[in-house]
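If you scroll down you'll find the structure; I have some questions about it.
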Amino acid sequence: MDLSKVRNIGISAHIDSGKTTLSERILFYTGRIHKIEEVKGGGDGATMDHMELEQERGITITSAATSVSWGPPVSYHITDAHHINLIDTPGHVDFTIEVERSLRVLDGAVLVLCAVGGVQSQSLTVDRQMRRYNIPRLAFINKMDRTGADAHRVVKMIREKLNSDAVLMQLPVGAGETFRGCIDLITMKQLTFLGDQGEKVQETEIEADLLDEAKEFRHAMLESLSMYNDEMMEMLLSEEEPAEELIHKVVKDATQNQGLTPVFVGSAFKNKGVQPLLDAVCRYLPSPLEREIKARKVGHETERLLLKPDPKEPFVGMAFKIVEDPYGQLTFMRVYQGRIDKGEMYTNQRTGRKERFSRIVRMHADEREEIDSAEAGDIVAIMGIDCASGETYSNNRDYCTLESMFVPEPVIKMSVNPASRADADKMSKALQRFRKEDPTFQVYNDEETSETIICGMGELHLDIYVERMRREYKIEVQVGAPKVSYREAPGERVEFDYKHKKQSGGSGQFAHIKGEMTPIDTEGETLFEFEEHIVGGRIPKQFIPPVEKGFRDSLGKGPLAEFPVVGVRFDLRDGSYHDVDSSERAFYICAQGCFRETMQKSKPMLLEPIMKCELECPELYQGDVVGDVIRRRGLIGSTDIRDGVSYVTAEVPLAETFGYATDLRSMTKGQGTFTMELLNYRKCPSNVQEEVIAARKKK
């Protein structure tokens with residue numbers, strides 16, 4: 001396989017921007033499927049939304065992978081066949097880990113934006129995730145056929161909200177009901193999409209009344225691109241016309257260096273604009289050869305190994321997604337270096353265990369195609385190996401490890417109990433499976449109430465897993481009311497001088513530490529910092545790590561209501577020790593006792609999770625919706641009215657959002673929608689703090 005013709009891309013966006021609809025069109029135009037299915041209404045549901053729950057709810061819950069070929073005779077301008085591995089990711093913030101782990105192993109992405117909504121809350125999250133893994137991306141302004149569509153406003157939003165140099169590569173022809181195609185600003189041709197399903201791209205001269213506007217936008221595009229290339233800058237200054245090849249080269253270089261976001265327009269639902277987007281994916285997004293991937297050498301914390309996408313090098317691959325199915329565990333893997341062959345043994349770099357790759361399959365949503373081998377640059381699935389998400393595999397033990405993906409902390413919890421004893425084992429199996437598949441889904445037993453507690457990213461997240469237990473495992477589950485994961489933090493700076501002394505027969509225990517505890521004002525993001533400024537050997541060096549460990553291990557339960565403690569810094573400045581009675585254990589116990597005492601003195605406070613909410617409703621109901629948000633202790637960030645639709649952004653405590661979907665629907669006669677994601681943790685009002693503490697004490 002020619003790796004320069006391989007593209008590993010993801011499609012990511014805010015919920016309801018049309019990612020799955022776009023994926024469906026890509027599958028159709030590349031010949032992978034022969035009939036287009038829609039996300040909602042009729043048919044068997046979109047190909048990439050293969051779960052029953054996804055088809056019922058019209059949302060994407062899990063990321064789905066497929067591979068397609070794009071080139072002659074179906075491509076619009078691409079002359080060589082390209083192999084594209086495509087992952088369609090969920091838009092809902094509750095399933096953000098699916099986006100996170102997909103982007104971790106991809107080389108490029110398409111950021112889909114709604115032509116009316118523009119940059120929305122989840123668009124910001126996806127943008128952060130793309131930047132975290134240095135993923136170059138194209139933007140596709142979808143739904144140009146919707147009333148109120150405005151591509152120029154969306155480009156402005158990308159520049160302002162995402163702080164990205166967005167440049168229109170196409171000019172839409174019409175908008176809303178009059179949208180009928182686009183103008184390619186590089187070739188200066190007008191594109192119209194003909195045929196029953198837009199499969200024929202007709203290239204014509206630009207209509208006379210659009211020519212001046214097209215020239216103006218082409219000039220603006222070239223000016224933006226010239227900032228990335230001196231040759232083009234000189235050509236523009238001397239009023240020469242840059243060659244098409246030069247423009248493509250500059251766009252490619254600027255996109256891959258994370259500076260530029262080329263913007264394309266279309267309507268996936270109306271079958272317009274997809275083929276030029278596929279051409280752009282092949283032209284501008286990187287192949288595995290153009291991405292620099294570094295791994296950490298095992299046993300060398302600072303030494304990095306540059307991986308080469310070469311099938312002759314030792315194999316290195318990452319298991320980025322785990323799915324349990326009736327035939328065993330299916331492990332999605334990105335091959336970064338070397339190759340894998342069916343039936344060979346490979347080593348898990350974390351556990352050191354050798355495992356046989358008995359079957360290798362290429363995925364197409366929920367269908368699979370057996371293959372004998374896979375090489376660097378491939379994304380495949382391995383049947384039957386036992387590993388966790390984010391683990392690295394290689395030929396040899398202790399070769400290297402790849403940096404794992406970022407896993408956000410859960411913000412919501414609820415209790416689940418099986419209706420009968422017979423269901424208890426089945427529920428335990430189901431929860432174990434879900435926890436393995438999804439790192440943001442956590443399970444533990446509450447020792448006081450003997451209840452099983454599940455934690456996740458939101459109400460919908462946990463609701464989906466409860467529903468899956470009922471359907472896939474036929475378990476009747478009793479669900480408790482959702483609970484909020486509060487945090488505790490110190491309220492003020494406190495100096496400490498704490499001695500731990502214990503004398504029993506033989507050698508006793510002695511440890512003495514002095515210093516200062518200060519709150520860190522990071523709104524709950526930083527858990528703990530530890531500094532030591534011991535001089536003159538007042539405490540021997542070997543006793544300092546146990547002090548840090550003692551403090552760190554005490555963070556699990558705070559003094560107010562036994563919630564985890566965040567935002568605390570300990571500065572160890574002085575102390576003393578005993579030649580015989582001091583030990584690592586003594587200093588560890590001393591730090592724990594000191595933590596309890598000092599936290600009590602610091603006037604501790606409760607922090608609650610604050611959600612960033614985006615609401616949409618008809619203008620008529622804006623007053624009621626805003627009033628209701630304020631009643632829920634929410635802060636209104638902005639309100640905007642466009643084409644009779646009100647857009648409201650607000651910050652609302654998570655505790656006040658339970659059941660909000662139902663309340664919003666009844667307030668707006670079913671026309672209101674909202675999305676939310678975790679913003680930060682903030683101090684609870686004193687009356688709320690008292691209620692939470694009293695409720696915990698009752699338990």
Practice problem: Assess Arg334 against Phe332: is NZ or CZ under 6.0 Å from the centre of the six-membered ring, and within 45 degrees of the ring's axis? | Solution: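 That pair does not qualify as a cation-pi contact.
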Self-check item: Criterion side chain to side chain contact (heavy atoms under 4.5 Å, CB included) on Leu306 and Lys294, from CA distance to verdict
Solution: CA-CA 5 Å; Leu306 183 63; Lys294 289 183 178 175; 4.0 Å; yes
Practice problem: Decide yes or no on side chain to side chain contact (heavy atoms under 4.5 Å, CB included) for His14 and Val126, but give the supporting numbers first. | Solution: CA-CA 8 Å; His14 183 85; Val126 168; over 6 Å; no
Quiz item: Looking just at side-chain N and O atoms, do Gln432 and Arg435 make a donor-acceptor pair shorter than 3.5 Å?
Solution: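 Yes, a side-chain donor-acceptor pair sits under 3.5 Å.
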Exercise. Might you work through the side chain to side chain contact (heavy atoms under 4.5 Å, CB included) test for His461 and Thr440, ending with a clear yes or no?
Key: CA-CA 10 Å; His461 190 204; Thr440 59; 3.3 Å; yes
Quiz prompt | side-chain hydrogen bond (donor to acceptor under 3.5 Å, both in side chains) contacts touching residues 604-614 (sequence neighbours left out) | solution =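 Passing the test, one end in residues 604-614: Glu608-Arg633.
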Exercise. Can you sort out the partners of Ser583 under side chain to side chain donor-acceptor pair (under 3.5 Å), two or more places apart, ordered by chain and number?
Key: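 Not a single residue meets the side chain to side chain donor-acceptor pair (under 3.5 Å) criterion with Ser583.
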Quiz item: Sequence neighbours excluded, which residues qualify as ring pair (Phe, Tyr, Trp, His ring centres under 6.0 Å) partners of Phe563?
Solution: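 Ring pair (Phe, Tyr, Trp, His ring centres under 6.0 Å) check on Phe563 returns Tyr486.
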Quiz prompt | Side chain Glu562, main chain Lys557, donor-acceptor under 3.5 Å | solution =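 A pair under 3.5 Å: no.
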Exercise. Determine whether more than 12 heavy atoms belonging to other residues, nucleotides or ligands lie under 6.0 Å from atom CG of Asp640.
Key: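 Yes, the 6.0 Å shell around CG holds more than 12 heavy atoms from other groups.
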Quiz item: Between the side chain of Ser554 and the main-chain N/O of Gly550, is any donor-acceptor distance below 3.5 Å?
Solution: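 Checking the backbone N and O of Gly550 against the side chain of Ser554, a donor-acceptor pair under 3.5 Å is found.
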Self-check item: All side chain to side chain donor-acceptor pair (under 3.5 Å) counterparts of Ser686, not counting sequence neighbours
Solution: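 Residues passing side chain to side chain donor-acceptor pair (under 3.5 Å) with Ser686: none at all.
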Practice problem: Describe, in one word, how the ring planes of Phe551 and Phe570 are oriented to each other, choosing from parallel (under 30°), tilted (30 to 60°) and perpendicular (over 60°). | Solution: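 Judged by the thresholds at 30° and 60°, the geometry between Phe551 and Phe570 is parallel.
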Practice problem: Could you tell me which residues satisfy salt bridge (charged side-chain N to carboxylate O under 4.0 Å, His left out) with Glu488, sequence neighbours excluded, listed by chain and number? | Solution: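 Once residues adjacent in sequence are excluded, Glu488 has no partner under the salt bridge (charged side-chain N to carboxylate O under 4.0 Å, His left out) criterion.
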Self-check item: Gap separating the CG atom of Leu162 from the CG atom of Leu124, nearest 0.5 angstrom
Solution: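 Here the rounded value is 6.0 Å.
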Could you tabulate the donor-acceptor pairs under 3.5 Å formed by side-chain atoms of residues 531-544, not counting sequence neighbours?
{"from": "Glu532", "atom 1": "OE1", "to": "Ile534", "atom 2": "N", "distance (Å)": "3.3"}
{"from": "His533", "atom 1": "ND1", "to": "Asp571", "atom 2": "OD1", "distance (Å)": "2.8"}
{"from": "Arg538", "atom 1": "NE", "to": "Asp574", "atom 2": "OD1", "distance (Å)": "3.0"}

Quiz item: Any side-chain heavy atom of Pro136 within less than 4.5 Å of one from Arg291?
Solution: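 With C-beta onward as the side chain, the pair touches.
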Quiz item: Can you tell me if Thr649 uses its side chain to pair, donor with acceptor, with the backbone of Ser638 under 3.5 Å?
Solution: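 Yes; judged by distance alone, with no hydrogens or angles, the pair exists.
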Quiz item: Going by atom types alone, do Thr392 and Thr401 pair a side-chain donor with an acceptor below 3.5 Å?
Solution: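 The criterion, which ignores hydrogens and geometry beyond distance, is not satisfied for Thr401 and Thr392.
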Quiz prompt | Qualifying residues under ring pair (Phe, Tyr, Trp, His ring centres under 6.0 Å), relative to Phe320, sequence neighbours excluded | solution =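 Checked Phe320 against ring pair (Phe, Tyr, Trp, His ring centres under 6.0 Å); zero matches.
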Exercise. Please name all residues satisfying side chain to side chain donor-acceptor pair (under 3.5 Å) with Thr452, sequence neighbours left out, ordered by chain then number.
Key: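 Partners of Thr452 under the side chain to side chain donor-acceptor pair (under 3.5 Å) test: Asn445.
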Practice problem: Assess whether atom CZ of Arg132 is packed by more than 12 heavy atoms of other residues, nucleotides or ligands within 6.0 Å. | Solution: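 Atom CZ in Arg132 is packed in, count exceeds 12.
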Self-check item: Non-neighbouring partners of Glu616 that pass salt bridge (charged side-chain N to carboxylate O under 4.0 Å, His left out), sequence neighbours left out
Solution: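 Partners of Glu616 under the salt bridge (charged side-chain N to carboxylate O under 4.0 Å, His left out) test: none.
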Quiz item: Atom OG in Ser602, atom CZ in Arg493: separation rounded to 0.5 Å?
Solution: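 Output value for this atom pair is 12.0 Å.
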Quiz item: Can you check side chain to side chain contact (heavy atoms under 4.5 Å, CB included) on Ile454 and Phe434, steps first, answer last?
Solution: CA-CA 10 Å; Ile454 57 175; Phe434 297 152; over 6 Å; no
Exercise. Assess the side chains of Ser102 and Thr89: does a donor N or O sit below 3.5 Å from an acceptor N or O?
Key: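 Result is no, nothing qualifies.
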Quiz item: Can you name the residues that form a side chain to side chain donor-acceptor pair (under 3.5 Å) with Asp398, not counting sequence neighbours?
Solution: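 Side chain to side chain donor-acceptor pair (under 3.5 Å) check on Asp398 returns nothing, list empty.
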Quiz item: Arg104 side chain to Met405 main-chain N or O, any donor-acceptor pair under 3.5 Å?
Solution: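 No.
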Self-check item: Value rounded to 0.5 Å, distance of CZ in Phe595 from CE in Met599
Solution: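 That separation rounds to 5.0 Å.
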Exercise. Please round to the nearest 0.5 Å and tell me the distance separating atom CZ of Phe587 and atom SG of Cys594.
Key: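 Between atom CZ of Phe587 and atom SG of Cys594 there are 12.0 Å.
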Quiz prompt | Side-chain (Glu391) to main-chain (Ala319) donor-acceptor, under 3.5 angstrom | solution =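 No.
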Quiz prompt | Lys683: salt bridge (charged side-chain N to carboxylate O under 4.0 Å, His left out) partners, not counting sequence neighbours | solution =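 With neighbours one apart ignored, the set is empty.
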Quiz prompt | Side-chain H-bond candidate by donor/acceptor type, Thr518 with Glu516, under 3.5 Å | solution =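 No.
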Quiz prompt | Donor-acceptor under 3.5 Å (Ser12 side chain, Leu111 main chain) | solution =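 Side chain of Ser12 to backbone of Leu111, a donor-acceptor pair under 3.5 Å: no, none is there.
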Self-check item: Expected output: side-chain Arg101 to main-chain Pro439 donor-acceptor under 3.5 Å
Solution: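 Absent.
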Self-check item: Cation-pi, Tyr660 ring and Arg632 (6.0 angstrom, 45 degrees)
Solution: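 No - Arg632 does not lie over the ring of Tyr660 by the 6.0 Å and 45° rule.
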Practice problem: Name all residues meeting the salt bridge (charged side-chain N to carboxylate O under 4.0 Å, His left out) criterion together with Glu403; count only those two or more places apart in sequence or in a different chain, and write none if there are none. | Solution: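 Once residues adjacent in sequence are excluded, Glu403 has no partner under the salt bridge (charged side-chain N to carboxylate O under 4.0 Å, His left out) criterion.
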